[in-house]
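Following: one structure in structure tokens, then a few remarks.
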Amino acid sequence: TGKCVLAGNWTNDLGSNMTIIMNSKCNFSGSYSTAVSETPEKIEKSPLRGSQNYRNLTQPVFGFTVNWTFTDSVTVFTGQCFVDETGKEVLKTMWLLRSHADSIKDDWTATRVGTNVFTRQ
Ligand SMILES: CN1C(=O)N(C)[C@H]2CS[C@@H](CCCCC(=O)O)[C@H]21
């Protein structure tokens with residue numbers, strides 16, 4: 001199997017784009033631009049930071065956090081970078097989107113979960 005490299009540009013089916021810059025062997029930063037949001041605020045690029053695991057550098061597992069700049073929420077992603085049967089790099093991820101809750105009574109409704117696949121632009 002080929003090597004899947006996390007660094008660079010990725011896009012998903014929701015029209016989001018992200019850029020990943022490896023800062024060291026296993027830690028990275030970057031930015032996330034989303035086309036859709038559930039908030040009326042003007043959407044802006046938001047920073048992301050994360051890590052990939054030390055052991056398998058051919059199809060690495062990873063996690064990262066997007067700290068949304070335009071609304072009071074954060075998303076944490078975790079997943080793996082694969083090379084599929086056609087030789088394409090694919091990020092298979094699951095995410096948790098935590099929105100701000102006004103009161104602890106509303107805590108139960110403040111976290112959304114989903115899956116998402118990223119491919120090269
Ligand atoms: C566009 N999205 C995307 O590319 N996802 C993988 C999902 C998980 S992060 C969410 C966007 C959250 C924006 C900030 C907010 O509305 O609170 C959605």
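Read the numbers this way: they start at 1 and go in the same order the structure lists the ligands and their atoms.
N116 and T93 form no side-chain donor-acceptor contact under 3.5 Å, judged by distance and modelled atom types alone. Looking only at atom types and distance, the side chain of S103 has a donor-acceptor partner in the side chain of K105 under 3.5 Å away. In this structure, a donor-acceptor pair under 3.5 Å is present between the side chains of T11 and N17.
Taking the six-membered ring where tryptophan is involved, the planes of W68 and F70 are perpendicular, since the angle between them exceeds 60° and thus also 30°.
Considering only non-hydrogen protein atoms, atom 16 (O) of ligand 1 sits nearest to S37 OG, 2.9 Å. The protein heavy-atom contact nearest to atom 2 (N) of ligand 1 is L14 CD1, 3.7 Å.
Contacts between V66 and ligand 1, counted as non-hydrogen atom pairs separated by less than 4.0 Å, are absent for every part of the residue. If you look at S16 next to ligand 1, the close heavy atoms, those under 4.0 Å, all belong to the side chain. Contact annotation for T75 and ligand 1: only side-chain heavy atoms (C-beta onward) come within less than 4.0 Å of the ligand.
Between N116 and ligand 1, no N or O atom pair is found at a separation short of 3.5 Å.
Taking every non-hydrogen atom of T71 and a distance limit under 4.0 Å, the qualifying atoms of ligand 1 come out as 14 (C), 15 (C), 17 (O). Remark: ligand 1 atoms within the under-4.0 Å shell around heavy atoms of S73 are 14 (C), 15 (C), 17 (O). Near T34, the atoms of ligand 1 lying under 4.0 angstrom from a non-hydrogen atom of the residue are 1 (C). Within ligand 1, the atoms closer than 4.0 Å to a non-hydrogen atom of F77 are 6 (C), numbered from 1 in the order shown. Per-residue contacts place W68 under 4.0 angstrom from the following atoms of ligand 1 (heavy atoms of the residue considered): 9 (S), 11 (C), 12 (C), 13 (C), 14 (C).
Considering L91, V117, V90 in turn, L91 is the only one that fulfils the side-chain contact (heavy atoms from CB on, under 4.5 Å) rule with W10. With M18 as the fixed residue, the side-chain contact (heavy atoms from CB on, under 4.5 Å) test singles out one of N9, L48, V66: L48.
Salt bridge status for D107 with R98: present, with a side-chain N to carboxylate O gap under 4.0 Å.
Here the shortest heavy-atom distance to atom 3 (C) of ligand 1, taken over W95, F70, Y32, belongs to Y32.
The main-chain N or O of N27 is never found under 3.5 Å from a side-chain atom of Q52 such that the two would form a donor-acceptor pair.
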